[in-house]
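Contents: one structure, followed by commentary.
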Amino acid sequence: MTATLFSPNTLLLDKHADYIAAYGSKKDDYEYTLSEYLRMSGIYWGLTVMDLMGQLSRMNREEIIEFIKSCQHDCGGISASTGHDPHLLYTLRLAILYTELIILCGTFLPVLYISIQVDPFHTLFGVAGLSLLGDEQIKPVNPVFCMPEDVLQRIGLQPDLLN
Amino acid sequence: MHGRVKVKSTAQQEEEKRKEREKKLKAFVSARDAVLRKRSAGEHDEEALQLTQQLLSSNPDFATLWNYRREVLLQLETSREKDEVQKLYESELHFIEACLKVNPKSYGCWHHRSWVNTRLPQPDWTRELGLCDRCLSLDERNFHCWDYRRVVVKESGVSVEQELQFTDRLIGSNFSNYSSWHYRSTLLPQLHPQPAPDSASNTSPSPTASPQIHSHRVCEEQLLKAEREEMISCVYVSRERERVSVAFSKPVHAQSEGLMLVLDGQPQQVEWRSTHPRLRHSPVWLCDLPPGSVSDISNEHNLTVHWTEKYTHRDCALYTGCAESWCRDSATDQELFRSELSVEKSSVLQAELQSCNQLLELEPQNKWCLLTIILLMRALDPLGHEKETLAHFQTLKEVDPMRSSYYSDLCSKFLIENTILKMEYAEVRVFSLSNKNLTTLCHLDQLLLVTHINLSSNQLLRLPPQFAMLQCLEVLEADDNAIESLEGLYHLPKLEEVSLRNNQICKLSDLESLASCTKLTRLDLRGNPVHKTANIDSELSQLLPLVTALSL
């Protein structure tokens, strides 16, 4: 996006927070419905950003927790949405959320569901997920950057809270 | 009025758009609900195929639908003849191609296509290769397609020469096609285990950007090592501790490798354990011998460790009057750190080094060039080129500061390798690498026999769990670093003296693992923040009662 004379030059945090808080309330929105296949990722993105902006309380905790519970499968995997199949990617999303933001009521199955897609993308998510679930052989991973903590420490990268 | 085109107002257009989307949404939702309903009911029929097709055509990333589709196809297979199955999956391939047009980078599509080819009675690999060609001509960095291409090439036995020509074409049309270069670098070693000299100077590169990238790639091709032979690198026996330490050529999980210990012809019941609880896959494993079995120093013993999974073993003789014994291949013999170079390879690399050096004179700040020179020198003569290598690393860190940590770590690795080689040549068990800007430790499995180690005046942040592999260590000097964690100082049976002056040990808990080193008597912690802890003297004497000489 190129800046124009009329682009804002400050970060409009309140508007962003408003947008995210309202997103998903219009359940009959076309794009919202079509992106159902990555809903869990959407929740992850929305919640982490609201937390960074200090506005997490505006999100509907009960509704989100109920939704996540409905996405848990017996094998330990998490799906993108209710009725979808479990997948490594969304299981990692949940592992990140579990660590940082919500305590789930009820049991959380600490079993990593392995997907059959062999590529660096899914391998990264698998290993990061295992790390967040406390696997001792894997270095601690920062849930925000999805990178090892020691690497972040060494390059001096610390997330700044926006207010 | 006649002849006048009716132009819809914006509001009207908006309303029509909205109605259109509402219609689309309704259709999507009803199809989706129908599909999920059918799936829960366990229905695997034509209708399921139709519904999923409808949804996936516009939404190919809906992964669950591909899963369902596979279930349906598998079910349909059971009631079809072979030629019908062929047709079924061929039309599936057409469908996938249509979906790829919507999103050429859909994980779901490519994965499904791979799967379909495993179900096709007669896959058509030529067509698949053609699809890859087309996709890559549209987007030469589509990694999904590259991955798929590799599968196709493997399954269909396309020749390496043919694939090399393919990369030639891509590189010829766009020199910065890194994907092609990378693929090329994996192909060349398959072509000639000892490549003919002209493969180093082949085609195109004349744009000024090219020579160093070209050299870099040649370098990578040539230096791609053959996998190290799987073997037991070292067996070490200590009479006093009645313990056997075994180092393998790669990390293993001892319990699943079929390890057998034979002492004087008798198989022994032993339990293998790792040097540190966090290392479940490790190159070094320990076991305790039955009490009294080797403790009498007047007896000679013969020990064999069998690695039954790999059909290999290593013997170690424990002689009369010797408190310890070991058996290993030297690092120099094993060509541990670099691949063995044939004369042809050597001369190719020398030629590359020469041209890179010439280029460096013209462009002294060229990072590609610098790194390639470093890699070439390491391949040819790591010890001989050590000084130059260090100088080049220094320049690299200055011209490419965003990667300075990477270069520091890589340089540390090379220095450690060189020191191991020097240690071998000198036949000593002392490892000394102080004041060398070390930022990381590696190859610690190669230091199993080391008794004295000096890592002072570096930039180390920790002694990681892998440090526990230094089972023979007696003296550790690591002053003037930034060490916060001593995790690796764990059950080191011979460790007597530790000097950690001027580091970053902050809490008493950072020192907990030292309590497991039962021979530790001298500990120097001066210049660490931990001395500010309340009652530190008494806390430490409680934690480490055996330490008699403590400096804070």
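Proteins come first, then strands; the chains are lettered A, B, ... in the order of their sequence lines, and each starts at number 1. Since this is a predicted model, take the numbers as computed values, not measurements.
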Among B:Asn67, B:Leu55, B:Leu36, which has the most heavy-atom pairs under 4.5 Å with chain A?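 It is B:Asn67.
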task = With sequence neighbours excluded, tell me which residues meet salt bridge (Lys or Arg N to Asp or Glu O under 4.0 Å) with B:Arg113.
result =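 For B:Arg113 the salt bridge (Lys or Arg N to Asp or Glu O under 4.0 Å) partners, ignoring immediate neighbours, are B:Glu128.
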### Query
Residues in salt bridge (Lys or Arg N to Asp or Glu O under 4.0 Å) with B:Glu71, at least two apart?
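For B:Glu71, the residues satisfying salt bridge (Lys or Arg N to Asp or Glu O under 4.0 Å) (neighbours in sequence not counted) are B:Arg39.
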Is it the side chain or the backbone of [X] that comes within 4.5 Å of chain A heavy atoms, both, or neither?
{"X": "B:Asp409", "answer": "side chain"}
{"X": "B:Asn59", "answer": "side chain"}
{"X": "B:Phe62", "answer": "both"}

Review point. Quick check: are there more than 12 heavy atoms from other residues, nucleotides or ligands sitting under 6.0 Å from CZ of B:Arg403?
Key: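 No, because the 6.0 Å sphere around CZ of B:Arg403 holds 12 heavy atoms or fewer from other groups.
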Would you say that more than 12 heavy atoms from the other residues, nucleotides or ligands in this model lie under 6.0 Å from the OH of A:Tyr23, or not?
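Count over threshold, so yes.
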- Can you find a heavy atom in the side chain of B:Asp61 that is under 4.5 Å from one in the side chain of A:Leu38?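 In short, these two side chains do not touch, never coming nearer than 4.5 Å.
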query: So how far is it from B:Phe28 CZ to A:Thr33 OG1, rounded to the nearest 0.5 Å?
result: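 Between atom CZ of B:Phe28 and atom OG1 of A:Thr33 there are 7.0 Å.
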Spacing of B:Thr64 atom OG1 and A:His87 atom NE2 [to the nearest 0.5 Å] |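 It comes to 9.0 Å.
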Distance-minimising heavy-atom pair for B:Arg21 and A:Tyr30: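 Taking B:Arg21 first and A:Tyr30 second, the nearest heavy atoms are O-CD1, 4.0 Å.
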